[in-house]
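Below is the structure I would like to discuss, written out as structure tokens.
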There are 2 protein chains.
Amino acid sequence: MEAVSRTPVSLDQVARAAGVSRTTASRVFSGNQAVSDLARQAVERAAAELGYVPYNATRSPAASRSESVGVVVPEPGSRLFLEPLLPRLLRGIGEELSASGIQMVLFSPQSPADVHRLEHYLAGGHVDAVLLLTLHESDALPSRLQARGIPTVFGGRPRGSIEVSFVDVDNHAGGRTATEHLIEQGRRVIAHISGPRGLHAATDQLQGFREAMWNAALRSDLVEHAAFDRDSGEIAMERLLASTHRIDAVFAASDEMAAGAMWALQVLGRRVPDDVAVIGFDDSPVAATTQPPMSSVRQPIEDMGREMARLVLSLASTRADGHRQMILGPELALRASTIGRG
Amino acid sequence: MEAVSRTPVSLDQVARAAGVSRTTASRVFSGNQAVSDLARQAVERAAAELGYVPYNATRSPAASRSESVGVVVPEPGSRLFLEPLLPRLLRGIGEELSASGIQMVLFSPQSPADVHRLEHYLAGGHVDAVLLLTLHESDALPSRLQARGIPTVFGGRPRGSIEVSFVDVDNHAGGRTATEHLIEQGRRVIAHISGPRGLHAATDQLQGFREAMWNAALRSDLVEHAAFDRDSGEIAMERLLASTHRIDAVFAASDEMAAGAMWALQVLGRRVPDDVAVIGFDDSPVAATTQPPMSSVRQPIEDMGREMARLVLSLASTRADGHRQMILGPELALRASTIGRG
DNA sequence: CACGCCGATGGAAGCGGTTTCACGAACACC
DNA sequence: GGTGTTCGTGAAACCGCTTCCATCGGCGTG
């Protein structure tokens, strides 16, 4: 019976075949209105026989929406963001949207031309709301979306204006918490391996480190910058040890760098945690596999994704034009690399 | 002048403000029809003043399309596919679509419920065509798309029916080519570290290995299965060496496994390539950083992506209902690990 | 039995934009 | 001056679907 026609079947055809009006047929599929069982069954039978597939793309904006939210992610293959964070963030976003029956739609522009086309596409009403995860943000996109009345939420605080909604994790608190933990463990000469200069997240962590050290009246000048990866962490640690032999703890801005630092320490005969405690950042899989297992600052990235989704859906439903901001605090994942001494 | 109105501006408003009909205004934005300079400028000025943003979501299917192609990728965080292949594939697809002015739209369903919603969404006409990269494919999706007349192309040969269009790389030829290269270098006792049993790609490579060995009248029973990662490659190599000491070459089904194998060989005192040649698969970044640098089979993944995009666009424009298949051959990336012999 | 209410239904309008078609004006050609 | 061909234009139809509104029949109530 299944007719595989070349041209799509319209709601009108289904309605005619079922002997009802297009209105009634529409109600059967949208589901929220009263339709008699008789009519419903007739429509459903006709739809099955004709192979009807609802065509939702033409819904008007005044009425129902497209039931989808766009998420703009950095281009695939861009490091720095890709490693462990993006999947966790997307999982959080996806879970929350899925629970609301909303389709998550991903975009990954690879060139300026792509960004330009994406602006048109998103402003064109194909999605009900937009989440922006990409950092180097074109200015045109948010304002275009605003002109269309499309709610937008940033992941991570954007550099520019404050007139936007965003959700971020608290890197400042993360840096402070990690450092305070080391101080509580009795460490006094604490070094910090920071991320690249100028990067927002790295700067926040560094200031958190400095604040904690200042509060404890400890010197906070043992700082090296590195590129987030293992090798540069190893080199940074070697430089730190060359400058001061008395270091008894290290806080690195990523687990990769912390693992590199731990390696450098052990190669040079320092015991972890007996001689030097090591704490990383992100609580990535690496942290659990080092020898000894490594303490790390766990940012609630999945929660961040969920909150982004929740926030943008709330903005979309209330159509309020206010801006909301949310900052989520870190947790410590404590393991052997910072616990105990000797 | 820029009016930031709460409600979107419609084409009608722009036309009225410009003193022309909606038809003429439409022609200005679609751009392909003759409009006098006077009218054009009036419309453009009015659009700028009102802050008009075209709303493309309601275009009829009979007429113009949505100018977008959906790509269904595995869930973020699923290994095995994620590592180096997916970014390369997406880059190829994205480049080709971008060149045609088509928006690439990504979907990454995380649960059966997500897959079900995605079926509705894609069949709902939000995209003009679909590329399927996910392997464990629900049956409903392709047939639904077909009912809607939405062209679909698979990345990688799907397990089931042959009545589909797909583009794939030739893993069989890849395995054969790698093995033949080792044979040409004078190697005779060649082992193979294969991927997980039952995986399509791994089986094809294994059969290519066997074919090349058979043609050269060499024994092809030195085969271990591993999980594509470095550690399991190392263990597999140790097992192979335990069974036969005379091995003089290894072909591994991934660069990670090959790197693990090379490590195991060197720990056990074998020189690479002097005693044992090593060749990997995928030509990932790992291959260039081993000591010595590692030969590898380079699959043209970017080309595969480009061909997928080209194929699906061709299907969309011709509206032909035939199925087309394409299989791309491998290349060898030769480095020190297989060249020369002490 | 008159009245009012409610559930089910279909006609028609509407959504934002494109395309068909016919009309009028300008222009070229004989 | 008549004829034919463009070119620019706008009214109207159209796309697939939703929703407003009026209608109709059945039912309970006084």
Side-chain angles (χ1 to χ4, degrees), chain A residues 5 7-43 46-47 50-67 120-121 123-128 147-150, chain B residues 5 7-43 46-47 50-67 120-121 123-128 147-150:
Chain A
S5 68
T7 66
V9 180
S10 81
L11 185 62
D12 236 355
Q13 295 171 265
V14 174
R16 264 197 297 274
V20 300
S21 75
R22 188 175 56 209
T23 310
T24 300
S26 169
R27 285 194 262 252
V28 169
F29 295 109
S30 58
N32 45 18
Q33 298 247 2
V35 179
S36 70
D37 279 354
L38 193 67
R40 158 165 284 114
Q41 285 165 19
V43 169
L50 272 60
Y52 170 68
V53 180
Y55 189 85
N56 298 320
T58 61
R59 301 211 218 178
S60 313
S64 187
R65 325 284 292 179
S66 73
E67 303 291 318
H120 277 270
Y121 188 86
H126 297 259
V127 297
D128 298 338
R148 249 304 164 192
I150 298 177
Chain B
S5 69
T7 67
V9 180
S10 80
L11 185 61
D12 236 354
Q13 293 172 265
V14 175
R16 264 198 298 273
V20 299
S21 75
R22 187 174 61 210
T23 311
T24 300
S26 168
R27 284 195 262 253
V28 170
F29 295 110
S30 58
N32 45 17
Q33 298 245 2
V35 179
S36 69
D37 279 354
L38 193 68
R40 156 165 284 112
Q41 284 165 19
V43 169
L50 271 62
Y52 171 67
V53 180
Y55 189 85
N56 298 320
T58 61
R59 300 211 217 178
S60 316
S64 187
R65 325 285 292 180
S66 73
E67 303 291 316
H120 278 269
Y121 189 86
H126 297 265
V127 297
D128 298 337
R148 249 302 164 194
I150 299 176

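Proteins get letters first, then strands, A, B, ... in listed order; numbering begins at 1 in each. For clarity, every value in this text was computed on a predicted model and none was experimentally measured.
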(request) Find the distance Arg16(B):CZ to dA11(D):P and express it as a whole number of Å. (result)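 Whole-Å distance recorded here is 12 Å.
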
(message) I'd like to check the ring-ring contact (aromatic ring centres under 6.0 Å, His included) partners of Tyr121(A); sequence neighbours left out, ordered by chain and number.
(response)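 Result, ring-ring contact (aromatic ring centres under 6.0 Å, His included) vs Tyr121(A): Phe107(A), His126(A).
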
(message) What is the distance, to the nearest angstrom, from the CZ atom on Arg40(B) to the C1' atom on dT9(D)?
(response)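 After rounding, the gap between these two atoms is 14 Å.
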
(request) Please determine if a side-chain N or O atom of Tyr52(A) lies less than 4.0 Å away from the OP1 or OP2 oxygen of dC17(D). (result)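 True: Tyr52(A) side-chain N/O within range (under 4.0 Å) of dC17(D) OP1/OP2.
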
(request) Kindly say if Tyr55(B) contacts the phosphate of dT18(C), meaning a side-chain N or O under 4.0 Å from OP1 or OP2. (result)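 Answer no for this pair, as no side-chain N or O of Tyr55(B) is under 4.0 Å from OP1 or OP2.
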
(request) Can you run down the salt bridge (charged side-chain N to carboxylate O under 4.0 Å, His left out) pairs that involve residues 7-28 of chain B, sequence neighbours left out, and say none if there aren't any? (result)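 Every pair satisfying salt bridge (charged side-chain N to carboxylate O under 4.0 Å, His left out) with a residue in residues 7-28 of chain B: Asp12(B)-Arg22(B).
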
(request) Considering non-hydrogen atoms only, spot the tightest contact between Phe29(A) and Ala47(A) and give its length. (result)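 Phe29(A) and Ala47(A) have their closest heavy atoms at CZ-CB, 3.8 Å.
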
(message) Run the side chain to side chain donor-acceptor pair (under 3.5 Å) test against Asn56(B) and tell me which residues pass, sequence neighbours left out.
(response)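 If we apply the side chain to side chain donor-acceptor pair (under 3.5 Å) test to Asn56(B), skipping adjacent residues, there are no hits.
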
(request) Please report, rounded to the nearest Å, how far the P atom of dT18(D) is from the CG atom of Asp12(A). (result)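 Nearest whole value for this atom pair: 12 Å.
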
(request) Using the test side chain to side chain donor-acceptor pair (under 3.5 Å), find all partners of Ser36(B) that sit at least two apart in sequence or belong to another chain. (result)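 Residues passing side chain to side chain donor-acceptor pair (under 3.5 Å) with Ser36(B): none at all.
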
(request) Report which part of the nucleic acid Ala39(B) touches: base, sugar-phosphate, or nothing (heavy-atom distance under 4.0 Å, all strands). (result)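 Sugar-phosphate only.
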
(request) Take atom CG of Leu38(A) and atom P of dG7(C), then tell me their distance rounded to the nearest Å. (result)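 The distance from CG of Leu38(A) to P of dG7(C) comes to 19 Å, rounded to the nearest Å.
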
(request) Estimate the overall bend of the helix from dC1(C)-dG30(D) to dC30(C)-dG1(D) from the end axes over five pairs each, rounded to 10 degrees. (result)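 For the helix from dC1(C)-dG30(D) to dC30(C)-dG1(D), the axes at either end differ by 40°.
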
(message) So if I take residues 18-30 of chain A and measure heavy-atom distances to DNA chain D, which residues fall below 4.0 Å?
(response)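 Those residues are Arg22(A), Thr23(A), Ser26(A).
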
(message) I need the CG-P distance between Asp37(B) and dC7(D), as an integer number of Å.
(response)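 Checked: the CG to P distance equals 14 Å.
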
(request) Mind checking the CZ-CG spacing from Arg40(B) to Leu38(B)? Nearest 0.5 Å is all I need. (result)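 Rounded to the nearest 0.5 Å, the CZ-CG separation comes to 11.5 Å.
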
(message) Could you report the tightest heavy-atom contact between Val9(B) and Gly51(B), atom names first, then the distance?
(response)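 Val9(B) and Gly51(B) have their closest heavy atoms at CG2-O, 4.2 Å.
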
(message) Can you list everything that forms a side chain to side chain donor-acceptor pair (under 3.5 Å) with Ser26(A)? Sequence neighbours excluded, please.
(response)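 Residues passing side chain to side chain donor-acceptor pair (under 3.5 Å) with Ser26(A): none at all.
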
(request) Could you state the atom-to-atom distance from NE2 of His120(A) to C1' of dG17(C) in whole Å? (result)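 Those two atoms, NE2 and C1', are 16 Å apart.
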
(message) Please enumerate all residues that pass side-chain contact (heavy atoms from CB on, under 4.5 Å) together with Ala18(A), with sequence neighbours excluded.
(response)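 So Ala18(A) forms a side-chain contact (heavy atoms from CB on, under 4.5 Å) with Val20(A), Ala42(A), Val43(A), Ala46(A).
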
